[in-house]
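Taking it in order: structure first as structure tokens, then the write-up.
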Amino acid sequence: SSVYCAPYTGDDMRVLKIDANTDTTSQLSEAYAGGSMWKSCAAVLSNIYCAPHFSNQVLKIDTLADTSSLLDEAYIGNAKYSACESLGTNVYCAPHNNATKVLKIDGLNDKSSLLQDQTYPGIFKHEACAAAGSSVYCAPYYDNLNVLEIKGQVPAAAYITGTKPVFDRKKNAKSKRNKRQGSRPERSM
């Protein structure tokens with residue numbers, strides 16, 4: 001069995017293949033150039049799809065042929081998607097910074113599209129996703145306090161209402177600042 005790693009930054013980047021049986025590595029032949037290109041990958045059948053972070057296209061890794069290629073559809077912008085998860089024969093990518101819609105990758109037809117049901121404005125929205133049941137759940141990141149649920153059967157996405165943050169970055173920073181200045185931290189009731 002093998003593990004495949006998407007290239008991230010460089011002038012002559014290639015997909016890294018790690019053979020877990022022999023503890024050896026090799027690179028696939030296709031080369032890519034750029035910075036922060038793909039950050040998260042998910043498998044559908046024998047293919048791995050990598051979410052476009054700074055790249056404008058989805059990267060497909062064919063594990064049977066040991067080749068990689070780019071899907072046709074283009075998505076412009078930086079830091080678009082940094083988390084994805086497979087659900088059935090599709091991969092769903094949560095909007096991160098400059099993306100405002102969920103990206104759906106159809107693993108049977110090698111096509112990608114944006115879910116049109118909701119728009120998610122703001123920066124640094126989601127950084128991690130996990131599938132459970134018939135949905136993909138995406139954890140909030142940075143100042144976003146909402147868990148995103150992507151329902152694969154519909155397909156549609158929406159924030160789960162009433163989500164409470166586990167860690168409040170702004171409140172924690174204020175508490176640390178108060179401790180350095182010798183005052184007592186704020187208490188919530």
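What you are looking at is a predicted structure, and each value in this text was computed from that prediction instead of being measured.
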Looking at every heavy atom in both [X] and [Y], which two are closest together, and how far apart are they?
X	Y	answer
Asp66	Leu28	O-CD2, 3.4 Å
Glu127	Ser82	OE1-OG, 3.1 Å
Pro140	Leu145	CB-C, 4.0 Å

(message) Applying a strict under-4.5 Å side-chain criterion to I, L, V, M, F, W and Y, I'd like to know whether Tyr81 and Val58 cluster together.
(response) yes

(request) Assign the ring pair His96 / Phe124 to parallel, tilted or perpendicular, where the plane angle (0 to 90°) is split at 30° and 60°. (result) perpendicular

(message) Does Lys101 have more than 12 heavy atoms from other residues, nucleotides or ligands lying within 6.0 Å of its NZ?
(response) yes

(message) Please check if the number of heavy atoms outside Asn21 that lie under 6.0 Å from its CG is greater than 12.
(response) yes

Without swapping roles, check the side chain of [X] against the backbone of [Y] for a donor-acceptor pair under 3.5 Å.
X	Y	answer
Lys125	Ala99	yes
Asn144	Asn146	yes
Gln116	Leu114	yes
Gln57	Leu71	yes

(request) Would you list the pairs meeting salt bridge (charged side-chain N to carboxylate O under 4.0 Å, His left out) in which at least one residue belongs to residues 41-58, sequence neighbours left out? (result) none

(request) For residues 51-65, pull every pair meeting salt bridge (charged side-chain N to carboxylate O under 4.0 Å, His left out), keeping only residues two or more places apart or in separate chains. (result) Lys60-Asp110

(request) Establish, from distance only, whether the side-chain atoms of Ser68 and Tyr32 form a donor-acceptor pair under 3.5 Å. (result) yes

(message) What I want to find out is whether Asp19 reaches Lys17 closely enough, with some N-O distance under 4.0 Å, to be called a salt bridge.
(response) no

(request) Please determine which of Cys129, Cys138, Ser134 meets the side-chain contact (heavy atoms from CB on, under 4.5 Å) test together with Ile150. (result) Cys138

